[in-house]
Protein chains: 2
Amino acid sequence: MTELDSNTEKLIFRAARKIFTMKGYDGARMQEIADEAGINKALLHYYFRSKDKLFEGVFRDVFRTFFPGIKSILVTDRPIDEKIKLLVNQYLDILSGNPDVAGFIFHELRMNPQRLAGNIRDIVIDAREIRQMIQTEVEKGAIRPVRMEHLIANLISMTVFPFISKPVLMSLTGMDEPQFAQFIEERRKIIPEIIIQSIKPTA
Amino acid sequence: MTELDSNTEKLIFRAARKIFTMKGYDGARMQEIADEAGINKALLHYYFRSKDKLFEGVFRDVFRTFFPGIKSILVTDRPIDEKIKLLVNQYLDILSGNPDVAGFIFHELRMNPQRLAGNIRDIVIDAREIRQMIQTEVEKGAIRPVRMEHLIANLISMTVFPFISKPVLMSLTGMDEPQFAQFIEERRKIIPEIIIQSIKPTA
DNA sequence: GTCTATAAACAGATAGAC
DNA sequence: GTCTATCTGTTTATAGAC
């Protein structure tokens, strides 16, 4: 979408984003999107041709929301501890404001992994760059040699997964909605602590 | 399903489980399930009345697969370190053999959180029991006081999430399929180490 | 650009023969 | 029990008036 697009187009797009993230591609209905936008079903096709095209646009948009400036954080020369804290906090901010996007993204990628190829370019965080960064930190003696795969997996897992498993987690632990919000706030401290602990040089 | 159910019924059920876990409720087609089972569409309705009923049965079944004997591990009086190792390994076993179930379960629960109520009984791991267990360990001086919510969240996150984010993780790190399997094997050691480190009394 | 009406294809469910 | 044929409602998409 360019900035010159009409108001109606934006209206439709916003409605589509809401319905698609809530229900997924298969569960969403064009009629429901039209209702949400307060316009007619035929207009959806006038602006976006098909459900597929509309979804494609929404997915790209959500994808960019979800993978923010990872690179811009990682390539700076802040101390690694600070990078980790920034990354966790940035993700928790995004997810708190958009609690549905994580479930949406990973579901749609599972249904259609090729989607990744079409969007990954937007975020490309080159594996070699991260390996290089870790290598540098190891040589500085700031951290011990760790496999990048696990570091990334642990970081993303602990940050993102609570949102995906929210209903189970709430039921399992007996948390209510405000307690869950509080729980997420606590994780801003807890996750970096654990991650940093896991890469510190063994004493 | 009782043990007296017909062969055809089992055949249908297995096919339904496969298709539903792959495509989700909304994405699955009765025709596709019939094809997978090698029988006719009408037979699905003969045995299971409706798509809804069939799905309900499948969901219960997958749910039980996914939440195994958590309780039976937690209520024993093994040392807590060992409980954690057992839990992680049991989950990784299940998930390695059924890579689709995690994504399936959490997607369907997000679409329809009430489903949890109907199935949670099967696994009921009472929050009070876990809190009690943690309390006991703290009093023994075996661990420091930690909030159960975070302990559970961290444990499940690091174990389950890599399967849900598999395509992203592989793309982000450049792993191929065998490397991913190897990566999961390594996590059998890594996850318990990190979890145990995070609850050890501060030295 | 926006609407109503409708086409065209699909998907779940049932009837009825065997 | 299993099949073919078909009904019924739904859903995406288009035609055409305004």
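Chain letters run A, B, ... following the sequence lines, proteins first, then strands; residues in each count from 1. Just the heavy atoms: all of them, side chains too, but no hydrogens, waters or symmetry mates, feed the values below.
The separation between B:Leu43 atom CG and C:dA13 atom P is 15 Å, rounded to whole Å. In this structure, the CG atom of A:Asn40 is 5 Å from the P atom of C:dT4, given to the nearest Å. To the nearest angstrom, C1' of C:dG12 lies 16 Å from CD1 of B:Ile19. When rounded to the nearest whole Å, the span between NE2 of A:His45 and P of C:dA5 equals 18 Å. Atom CG in B:Asp52 sits roughly 7 Å away from atom P in C:dA13 (whole-Å rounding). For the pair B:Asp35 CG and C:dC10 P, the interatomic distance rounds to 14 Å; values are reported in whole Å. Look at CD1 on B:Ile33: it is 11 Å from P on C:dA13, rounded to the nearest Å. Taking atom CG of residue B:Leu54 and atom P of nucleotide C:dA11, one finds them 16 Å apart after rounding to whole Å.
Counting any heavy atom pair closer than 4.0 Å across all strands shown, A:Tyr46 reaches a base atom. Residue contacts shown for A:Ala34 are absent, as no nucleic acid heavy atom lies under 4.0 Å away.
Each of B:Phe59, B:Phe104, B:Tyr91 was evaluated against B:Phe66; a single residue qualifies, B:Tyr91, per the ring pair (Phe, Tyr, Trp, His ring centres under 6.0 Å) test.
The backbone N or O of B:Glu56 lies less than 3.5 Å from no partner atom in the side chain of B:Arg115, so there is not a single donor-acceptor pair.
If A:Arg29 and A:Arg49 are placed on DNA chain D by their nearest nucleotide, the residue sitting closer to the 5' end is A:Arg29. Judged by closest nucleotide on DNA chain D, B:Ala42 is the one of B:Ala42 and A:Lys41 placed further toward the 5' end.
Contacts between chain B and DNA chain D, taken as any atom within less than 4.0 angstrom of a protein heavy atom, begin and end at D:dG1 to D:dT4.
Classified by interplanar angle (parallel below 30°, tilted 30° to 60°, perpendicular above 60°), the ring pair B:Tyr25/B:Phe20 is parallel.
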| query | So A:Glu193 and A:Arg187, side-chain contact (heavy atoms from CB on, under 4.5 Å) or not? Walk me through it. | reply | CA-CA 9 Å; A:Glu193 276 173 9; A:Arg187 294 187 75 70; over 6 Å; no
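At most 12 non-hydrogen atoms from other residues, nucleotides or ligands lie less than 6.0 angstrom from CG of B:Asn7.
Using a 4.5 Å heavy-atom cutoff, the side chains of A:Asn98 and A:Arg17 are in contact.
The existence of a salt bridge linking B:Lys189 and B:Glu186 is excluded, since no basic side-chain nitrogen approaches an acidic carboxylate oxygen closer than 4.0 Å.
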